[in-house]
2 protein chains.
Amino acid sequence: MTNARDIDADPPLRRDAERNRRLILDAAASAFAERGLGVTMDEIAQHAGVGVGTVYRRFPNKEDLIDALFVDRLDEVTQAADEGLAHEDPWDGLVWFLERSLQLQAQNQGLKELVSGTSHGRERVTVARERLVQKVRELVDHARAAGTLREDFDAFDTPVLQTMLGSVLDFSHDVSPELWRRFFAIVLDGLRARRDAPTPLPAAALDEHQLDRAMAAWKSPRR
Amino acid sequence: MTNARDIDADPPLRRDAERNRRLILDAAASAFAERGLGVTMDEIAQHAGVGVGTVYRRFPNKEDLIDALFVDRLDEVTQAADEGLAHEDPWDGLVWFLERSLQLQAQNQGLKELVSGTSHGRERVTVARERLVQKVRELVDHARAAGTLREDFDAFDTPVLQTMLGSVLDFSHDVSPELWRRFFAIVLDGLRARRDAPTPLPAAALDEHQLDRAMAAWKSPRR
DNA sequence: GCGAAACGGAGGTAGGTACTCAACTTCTGT
DNA sequence: ACAGAAGTTGAGTACCTACCTCCGTTTCGC
């Protein structure tokens with residue numbers, strides 16, 4: 001007799017199909033990471049070395065593919081929040097989280113787009129995002145209660161902060177991938193309740209050539 | 001005898017044409033200001049109450065229209081830099097400029113897109129932008145030399161700073177148009193060489209509802 | 001009242017992308 | 001060995017968006 005689980009479970013994939021599924025997942029992961037959620041399904045198929053039709057056989061649409069790929073990535077960010085929450089000093093915990101989160105987003109353009117509100121992704125991604133937001137609020141509230149974070153900073157300011165630093169990621173990614181650390185350090189100095197002298201900046205400023213390149217590549221959003 | 005100027009000068013427009021030219025300029029100015037350079041020529045024509053053909057009769061293409069409209073706006077920003085340069089205290093001058101520049105960009109979405117590097121606009125706009133960049137460098141160098149601006153801040157960091165704060169403008173414009181002032185204040189605290197306690201934040205944080213709306217509307221750039 | 005200038009706006013053109021489908025290929029259990 | 005189910009393919013479809021053109025019609029100025 002077959003039980004409920006056997007009925008629900010899809011039959012195993014044929015060997016070639018399983019291999020292609022992996023190729024697609026790998027290609028999609030690296031394409032989304034490098035160039036964001038805007039990559040076309042055709043590009044993903046080409047990278048995977050299969051036809052577009054094959055991609056659509058496995059993943060009915062693009063959102064489903066994103067969903068399958070990014071739940072784990074978002075969980076990594078949530079885990080960073082948990083690690084931050086576990087720190088003894090709440091300020092250190094907040095900084096730990098912000099830095100790790102930004103670093104993950106710097107490594108993964110698609111994750112960045114997902115974290116900062118773009119409506120991409122399906123239910124599982126949305127749920128993961130909400131869990132994250134909750135934890136980040138705790139993190140901020142603790143740091144403020146401890147008195148290291150300036151008092152007038154609000155938990156609802158954090159997504160704006162992330163968007164703001166995320167734009168530095170976009171701006172300079174191709175030209176100086178670590179530049180965000182400079183501005184993160186500046187912002188942190190601005191977030192501390194008290195401070196005597198600035199914390200040294202961790203990355204080099206852009207030079208003229210890099211700046212030109214970044215500005216030329218920068219496209220503003222909106223409709 | 002007709003001199004060189006008469007030969008170069010276009011014959012005056014017919015009365016109706018002149019009237020429409022103004023209608024188009026006005027409609028384009030407010031559309032670009034409110035919704036950015038992405039507005040379509042058809043929208044502009046409709047706002048002006050004329051046909052698209054009429055717009056194209058006066059302005060051969062969209063770039064020319066942008067050019068005609070934005071040279072003056074960019075000069076306003078440059079003027080703010082000059083005013084900043086005229087301040088007695090170089091730090092106050094820098095803050096004056098940044099605040100005024102951001103404020104102008106907050107009022108004019110199109111200006112914001114033009115200032116932060118998008119390749120829109122033709123030669124006259126490009127020239128105006130370069131003049132501006134030069135002045136901003138002076139401003140930064142003075143403030144650093146005076147010792148109020150942190151030493152490790154570089155003149156080439158300024159466009160990144162503007163992009164960063166510009167993203168706050170994009171993020172919250174529809175929901176809380178003054179929010180940028182909060183983050184501007186935070187960043188300024190991070191830019192000061194020394195400081196005891198945080199400067200009070202000038203705008204309210206977003207509430208949950210506003211944040212949801214902003215996140216939903218936020219689209220990331222890239223291809 | 002005539003000719004030149006200006007107008008309007010439907011449609012041409014170009015570019016881009018998610019997704020489909022019918023003909024073909026590969027796998028697997030017997 | 002082979003049947004037929006499962007899988008593959010990629011040109012094609014459907015759809016969108018936005019700049020710009022064209023030409024029949026209207027308005028202006030002399």
Side-chain angles (χ1 to χ4, degrees), chain A residues 9-28 31-32 35-69 110 113 118-122 219-223, chain B residues 9-28 31-32 34-69 109-110 113 118-122 219-223:
Chain A
D10 304 319
L13 293 175
R14 239 166 61 174
R15 198 168 8 243
D16 54 345
E18 182 56 42
R19 182 177 47 86
N20 283 338
R21 206 186 81 98
R22 272 257 60 86
L23 288 174
I24 291 165
L25 247 14
D26 290 351
F32 284 142
R35 317 211 331 260
L37 304 177
V39 288
T40 67
M41 293 299 257
D42 297 70
E43 283 173 299
I44 291 168
Q46 196 170 0
H47 260 80
V50 304
V52 229
T54 307
V55 178
Y56 279 98
R57 167 162 283 264
R58 259 352 117 206
F59 304 92
N61 55 56
K62 197 178 177 181
E63 300 291 278
D64 282 353
L65 178 55
I66 291 174
D67 208 59
L69 238 25
E113 291 169 20
T118 312
S119 42
H120 270 114
R122 273 188 134 47
K219 309 260 179 235
S220 8
R222 305 281 92 177
R223 296 162 215 235
Chain B
D10 303 320
L13 293 175
R14 234 165 66 174
R15 192 155 30 228
D16 55 345
E18 183 54 43
R19 181 177 47 87
N20 283 337
R21 204 185 83 97
R22 273 256 61 85
L23 288 174
I24 292 165
L25 247 15
D26 290 350
F32 284 142
E34 275 166 40
R35 320 215 324 266
L37 304 177
V39 288
T40 67
M41 293 299 258
D42 298 69
E43 283 174 298
I44 290 168
Q46 196 170 359
H47 260 78
V50 303
V52 230
T54 305
V55 178
Y56 279 97
R57 167 164 286 264
R58 259 351 117 208
F59 304 93
N61 56 56
K62 198 179 176 180
E63 300 292 279
D64 282 354
L65 179 55
I66 291 174
D67 209 60
L69 277 167
Q109 180 69 20
E113 291 168 19
T118 312
S119 42
H120 270 115
R122 273 184 135 48
K219 308 259 180 238
S220 8
R222 304 282 92 177
R223 288 144 230 247

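Keep in mind it's a predicted model, so treat the numbers as computed, not measured. Side chains are part of it too, since the values below use all heavy atoms of this structure and drop only hydrogens, waters and symmetry mates.
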Apply side chain to side chain contact (heavy atoms under 4.5 Å, CB included) to the pair B:Asp64 and B:Tyr56, showing each step before the final yes or no.
CA-CA 10 Å; B:Asp64 282 354; B:Tyr56 279 97; over 6 Å; no

Please state how far atom CG in B:Leu23 lies from atom P in C:dA6, giving the value in whole angstrom units.
15 Å

Under 4.0 Å between any heavy atoms, over every strand shown, what does B:Val39 touch: base, sugar-phosphate, or nothing? Just pick one.
sugar-phosphate

Quick one: is B:Arg15 getting a side-chain N or O under 4.0 Å of the D:dT27 phosphate, OP1 or OP2?
no

Integer-rounded Å distance: D:dA18 P and B:Tyr56 OH
12 Å

Side-chain heavy atoms of A:Thr54 within contact of A:Arg58, under 4.5 Å
no

Could you tell me whether the side chain of A:Leu65 reaches within less than 4.5 Å of the side chain of A:Met41, counting heavy atoms only?
yes

Winner on side-chain proximity to A:Asp16, out of D:dT8, D:dT21, D:dT27, is D:dT8

Residue met sooner reading DNA chain D from 5', once A:Thr54 and A:Asp42 are mapped to nucleotides:
A:Thr54

Please step through side chain to side chain contact (heavy atoms under 4.5 Å, CB included) for the pair B:Ile24 and B:Arg21, ending with a clear verdict.
CA-CA 5 Å; B:Ile24 292 165; B:Arg21 204 185 83 97; 5.7 Å; no

Rounding to an integer number of Å, can you tell me how far A:Leu65 CG sits from C:dC19 P?
11 Å

If I take atom CD1 in residue B:Ile44 and atom C1' in nucleotide D:dC20, what distance separates them, rounded to the nearest angstrom?
13 Å

Using a cut-off of less than 4.0 Å, is there contact between a side-chain N or O of B:Asn20 and OP1 or OP2 of C:dC7?
yes

Is it true that atom CD of A:Glu18 has more than 12 heavy atoms of other residues, nucleotides or ligands lying nearer than 6.0 Å?
yes

Hey, could you give me each pair passing salt bridge (Lys or Arg N to Asp or Glu O under 4.0 Å) that has a residue in residues 36-47 of chain B? Not counting sequence neighbours.
B:Arg35-B:Glu43

Spacing of B:Lys62 atom NZ relative to D:dT17 atom P, expressed in whole Å
14 Å

Any side-chain heavy atom of A:Phe32 within less than 4.5 Å of one from A:Ile44?
yes

Taken to the nearest whole Å, CD1/A:Ile66 to C1'/C:dA18 is 12 Å

Expressed as a whole number of angstroms, how long is the span from A:Leu37:CG to C:dA18:P?
11 Å

Listed pairs, N/O of protein and of nucleotides 1-5 of chain C, under 3.5 Å:
unit_1, atom_1, unit_2, atom_2, d
C:dA5, N3, B:Arg14, NH1, 2.7

By nearest nucleotide on DNA chain D, pick out whichever of B:Arg19 and B:Thr40 is the more 5' one.
B:Thr40

Which of D:dT21, C:dG8, D:dG10 is nearest the side chain of A:Val52? It is D:dG10

For atom CD of B:Glu18 and atom C1' of D:dG29, their distance in whole Å:
16 Å

